[in-house]
Amino acid sequence: MLTDPIFWVSMHRYHHQYVDSEKDPLSYIWILYQERKNVKDLKKQAFYRFIQRTYLLNPFAFATNVYVFGGFTYLAWVIGVALIWGYHVNFLLNSACYIWRKQAWNTSDLSKNNW
């Protein structure tokens with residue numbers, strides 16, 4: 001997980017609002033993206049505020065538990081292989097959803113929706 005859900009949802013909403021324009025957060029180094037004005041609905045929910053405060057601790061706590069209960073072999077498989085596999089599946093689905101569907105709106109870009 002690279003960022004907390006509030007950050008990711010905000011960036012993703014702006015991306016879909018301003019796709020392929022100067023305001024698109026994915027058109028530049030998105031790690032520097034800080035604006036979160038479009039996620040007031042998530043900021044009101046205690047669960048997302050908790051995840052936002054603790055999102056860096058969760059992967060480390062999980063990895064520590066895996067290592068304690070399974071050793072290095074489990075750590076390599078559960079964290080390493082699963083993480084790499086998960087990213088590859090995520091990127092494949094993201095690419096497929098942008099390529100093999102119809103364009104729902106008449107826009108000047110090539111974005112498409114899968115549902």
Please report, to 0.1 Å, the donor-acceptor pairs under 3.5 Å made by any side chain of residues 56-72, with sequence neighbours excluded.
{"from": "Asn58", "atom 1": "ND2", "to": "Thr54", "atom 2": "O", "distance (Å)": "3.4"}
{"from": "Thr64", "atom 1": "OG1", "to": "Phe60", "atom 2": "O", "distance (Å)": "2.7"}
{"from": "Asn65", "atom 1": "ND2", "to": "Ala61", "atom 2": "O", "distance (Å)": "3.4"}

Any donor-acceptor pair under 3.5 Å from Asn38 side chain to Ser10 backbone: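 Present.
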Tell me whether [X] shares a hydrophobic cluster with [Y], the cluster being built from Ile, Leu, Val, Met, Phe, Trp, Tyr side chains joined at under 4.5 Å.
X     : Y     : value
Tyr87 : Leu92 : no
Tyr55 : Phe50 : yes
Trp77 : Ile79 : no

Trp85 side chain near His88 side chain, heavy-atom distance below 4.5 Å: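 No. Closest side-chain heavy atoms not under 4.5 Å.
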Lys37 side chain reached by Tyr14 side chain, heavy atoms, under 4.5 Å: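 Result yes, sub-4.5 Å side-chain heavy-atom pair found.
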Worked verdict on Arg13 versus Asp41 for salt bridge (charged side-chain N to carboxylate O under 4.0 Å, His left out): CA-CA 12 Å; Arg13 286 179 180 175; Asp41 56 325; 3.0 Å; yes
Heavy-atom closest pair, residues Arg49 and Lys44: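 Where Arg49 meets Lys44 most closely, the heavy atoms are NH1-O, 2.9 Å.
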Which atom of Asp4 lies closest to which atom of Ile6, heavy atoms considered: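 So the two residues come closest at OD2-N, 3.1 Å.
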